Amino acid sequence: MTTTGEPGHDEVEVGAELPALSIDLTPTVVISTALATMDFTPVHHDPALARAQGSKDVFLNILTTMGLVERYVTDWAGPGAVIRGIDVRLGVPAYAGDRLTFAGAVAARDAGEITVEVRGRVSLGDHATGTVTLSLPRRGGEGR
């Protein structure tokens, strides 16, 4: 690890696990993040309408899920990380009142880039699975 506690590219090992991150999906979190991303689709902020359309409750929108995946990886990687790509598949809905828990591990380290496998789970199963590819600074902040 670097002196700041963030991993440098040369210090990351394939198979290294990222610390878990759990987020309580309160109605406020689900609704406010949908509105913050300018997603006014009622199933993300109107519980009655969401239920009328067959959902259990309001649920996270795609932009929020993607932002949380990125947050999970960059919380581990630190501010020197540069996201190069995100490839995520959505699974079960992440409903208000549930908890979203992320786990991940370094899957590859090639040509200056790190690939992290990420899984976000809720009580119903996998909400988001995929990979995030990023570059990290080399020791002393040289090169990306």
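As the structure is a computational prediction, the values presented were derived from the model and not from experiment. Position 1 is the first residue of the sequence, and the numbers go up from there.
Shortest non-hydrogen contact noted between Gly80 and Pro137 is O-CD, 3.6 Å. Between Pro93 and Val122, the shortest heavy-atom distance links the atoms O-CG2, 3.6 Å. Closest non-hydrogen pair, Asp57 versus Ala50, comes out as O-CB, 3.7 Å. Nearest approach of Pro47 to Val58, heavy atoms of both residues: N-CG1, 3.6 Å. Between Thr65 and Ala128, the shortest heavy-atom distance links the atoms CG2-CB, 3.8 Å. Ala107 approaches Glu117 most closely through the heavy-atom pair CB-CG, 3.5 Å.
Residue pairs meeting the ring-ring contact (aromatic ring centres under 6.0 Å, His included) criterion with at least one partner in residues 88-112, sequence neighbours excluded, are Tyr72-Phe102. Residue pairs meeting the ring-ring contact (aromatic ring centres under 6.0 Å, His included) criterion with at least one partner in residues 38-57, sequence neighbours excluded, are His44-Phe59.
With hydrogens and angles ignored, the 3.5 Å screen pairs a side-chain donor or acceptor of Ser32 with a backbone N or O of Thr28. A distance-only check finds no donor-acceptor pair linking the side chain of Arg99 to the backbone of Leu25 [under 3.5 Å]. The backbone N or O of Thr26 lies less than 3.5 Å from no partner atom in the side chain of Asp24, so there is not a single donor-acceptor pair. Arg109 places no side-chain N or O within 3.5 Å of a backbone atom of Val14 that could act as its donor or acceptor partner.
Arg84 and Ser135 form a side-chain donor-acceptor contact under 3.5 Å, judged by distance and modelled atom types alone. For the residue pair Thr41 / Asp39, a side-chain donor-acceptor distance below 3.5 Å is found, with atom types taken as modelled. Inspection of the Thr64 and Asn61 side chains reveals an N or O donor paired with an N or O acceptor under 3.5 Å. No donor-acceptor contact under 3.5 angstrom links the side chains of Asp87 and Thr131, judged on distance only.
Using a 4.5 Å heavy-atom threshold, the side chains of Leu68 and Leu100 count as touching. Within the 4.5 Å cutoff, side-chain heavy atoms of Val116 are placed close to those of Leu134. You'll find the side chain of Glu70 stays beyond 4.5 Å of the side chain of Val132, heavy atoms only.
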- Message: Checking Val73 against Val118 for the side-chain contact (heavy atoms from CB on, under 4.5 Å) test, could you report, in this order, the C-alpha distance in whole Å, the side-chain angles of both residues, the deciding distance, and whether it holds?
- Response: CA-CA 8 Å; Val73 173; Val118 176; 3.7 Å; yes
- Message: If you apply the rule side-chain contact (heavy atoms from CB on, under 4.5 Å), what do you find for Thr115 with Val106, and how did you get there?
- Response: CA-CA 6 Å; Thr115 300; Val106 176; over 6 Å; no
- Message: Apply side-chain contact (heavy atoms from CB on, under 4.5 Å) to residues Asp126 and Arg119 and explain how you reach the verdict.
- Response: CA-CA 7 Å; Asp126 289 341; Arg119 179 175 310 275; 2.4 Å; yes
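In this structure, the separation between CZ on Arg121 and NE2 on His127 is 12.5 Å, given to the nearest 0.5 Å. We find the CZ-CG distance between Arg71 and Asp75 to be 5.0 Å, quoted to the nearest 0.5 Å. Once rounded to the nearest 0.5 Å, the distance linking CD of Glu113 with CD1 of Ile83 reads 10.5 Å.
Residues Ile23 and Trp76 share a single hydrophobic cluster, defined by chaining ILVMFWY side chains whose heavy atoms lie under 4.5 Å apart. Linking Ile, Leu, Val, Met, Phe, Trp and Tyr residues whenever their side-chain heavy atoms come within less than 4.5 Å places Leu21 and Val29 in a single cluster. Following chains of ILVMFWY side-chain contacts shorter than 4.5 Å, one cannot reach Leu63 starting from Leu90, and the two form parts of different hydrophobic clusters. The cluster map of Ile, Leu, Val, Met, Phe, Trp and Tyr, joined by side-chain heavy atoms under 4.5 Å apart, puts Leu60 and Ile62 in the same cluster.
Within a 6.0 Å radius of CD in Glu17, other residues, nucleotides and ligands contribute 12 heavy atoms or fewer. Heavy-atom contacts from other residues, nucleotides or ligands closer than 6.0 Å to CG of Leu35 number more than 12.
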